[in-house]
Amino acid sequence: MTSPLEERFPRPSVMGVVNVTPDSFSDGGVNYDAADAIASARRMAADGAALVDVGGESTRPGSEGVSAAEELRRVVPVLDAVAGELPVSIDTAKAEVAKVAIDLGAKLVNDVTALRGDARLAEFVAESGAYLCLMHMRGEPRTMQAEPRYGDVVSEVTAFLEERLRFAVEAGIPEERIALDPGIGFGKNLQHNFELLRRLDVLLSLRRPVVIGFSRKRSLGRVLGDADAVTGSLAASIGAAVAAYERGATILRVHDVREHVEALAVARAVADADAAAAAPR
Ligand code: HH2
C-alpha cells in the first residue's frame with residue numbers, strides 16, 4: 001500500500017522538470033540528448049528535488065504532439081538509467097508510456113489531460129498503485145492560448161478538477177494518491193494565471209494536495225512589462241513558487257531546482273516560526 005501523497009511529498013516539495021524534447025518552450029532542448037537528461041535528473045535529485053518529472057512531449061502553446069513510439073524512444077533511456085535510483089514522475093497522457101515508465105520505477109503519472117487523453121490510462125494507474133496528478137487544460141496545446149475566456153476562472157477550474165477527481169476515484173484510483181493542478185498557462189492568460197494563485201484556497205477546498213507549475217512561464221515575463229515574452233526569468237519563477245507555497249501549494253514544478261529548494265526552505269522556516277509563535281504555551 002502506497003502512503004498518502006501528502007505524506008510522501010510534504011509541503012513544500014520540488015518537482016524538477018526534465019524535458020527530453022527538442023522543442024519545449026522553457027529550455028530550448030537542453031535535455032533532448034539522453035545523456036544530458038540523465039545528468040540533469042541526477043543533479044536535480046542531489047539538489048533536493050522530491051521528484052524528477054521526465055517528459056517526452058512538449059505541450060507548449062502551438063505544439064502538435066508526438067506518437068507513443070517517439071515519446072518512448074525519448075524517455076526510455078532516461079527512465080532506464082534513473083527511475084530505479086531516483087524518485088521519478090512521468091509527464092505523459094499516454095497509457096502505453098505510463099506503463100513502461102512505471103515498470104521502470106516511476107512513482108507518479110503527471111497527466112496534463114486529467115485522464116481525458118487516453119481511455120486506458122485511468123485503469124492502468126489504478127492497477128499500478130502509482131500516484132497521479134490531474135491538471136486543468138482548456139482546449140489543447142495547439143490552440144489553447146487563442147484568447148482563452150472564462151466567466152470565473154477559479155470556479156471553472158475547480159469544478160473541472162472536482163469532476164476529474166471523482167472520475168479517477170470511480171476508476172479505482174484512491175483519492176489519497178491524487179494531486180490537483182490548475183494548469184498555469186494551459187488555456188489561460190496572465191490575469192487568469194494570477195487569479196488562480198490569488199484564490200488558491202478555492203482549489204484547496206477539494207482537500208487534495210495542489211501542484212503549481214509557474215516556472216519560466218510567459219506570464220512571468222509579461223507581468224514584468226514585456227508584452228511579447230515567451231518565458232519568465234528564474235527570479236520571477238521563484239517569486240511565483242514562494243507565493244504559491246504560501247497560499248497552500250504542496251508540489252512546485254520547476255526547472256531550476258537548487259534555487260527553488262533554497263527559496264522554499266526560507267519560506268518554510270518563516271511558516272514554521274509562525275506556527276511555533278501561534279502554538280499555545
Ligand atoms: N507545465 C508544463 C508541462 N507539464 N505538468 C503539470 N502538472 N503542471 C504544469 O504546469 C506543467 C506540466 C509545461 O512546461 P514545460 O514542461 O517546461 O514545457 P513543455 O510542455 O514545452 O515541454
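Just so you know, these numbers use all the heavy atoms, side chains as well, and skip hydrogens, waters and symmetry mates. Ligands are counted one by one from 1 in listed order, and the atoms in each one are counted from 1 as well.
The immediate protein surroundings of ligand 1, defined as residues with any heavy atom under 4.0 Å of it, consist of V17, N19, S24, F25, S26, S58, T59, R60, D91, N110, V112, C133, M135, D181, F186, G213, K217, R253, H255.
Between Y150 and H192, the ring centre distance stays below 6.0 Å.
Side-chain polar atoms of N110 and D53 form a donor-acceptor pair below 3.5 angstrom. No side-chain donor from either of T158 and S155 sits under 3.5 Å from a side-chain acceptor of the other.
Checking side-chain atoms of T250 against main-chain N and O of P12 turns up no donor-acceptor pair under 3.5 Å.
Nearest heavy-atom pair, R208 versus E6, reported as atom, atom and distance to 0.1 Å: NH2-OE1, 3.2 Å.
Taking V76 as the reference, L72, D80, V100, L104 meet the side chain to side chain contact (heavy atoms under 4.5 Å, CB included) condition, with sequence neighbours excluded.
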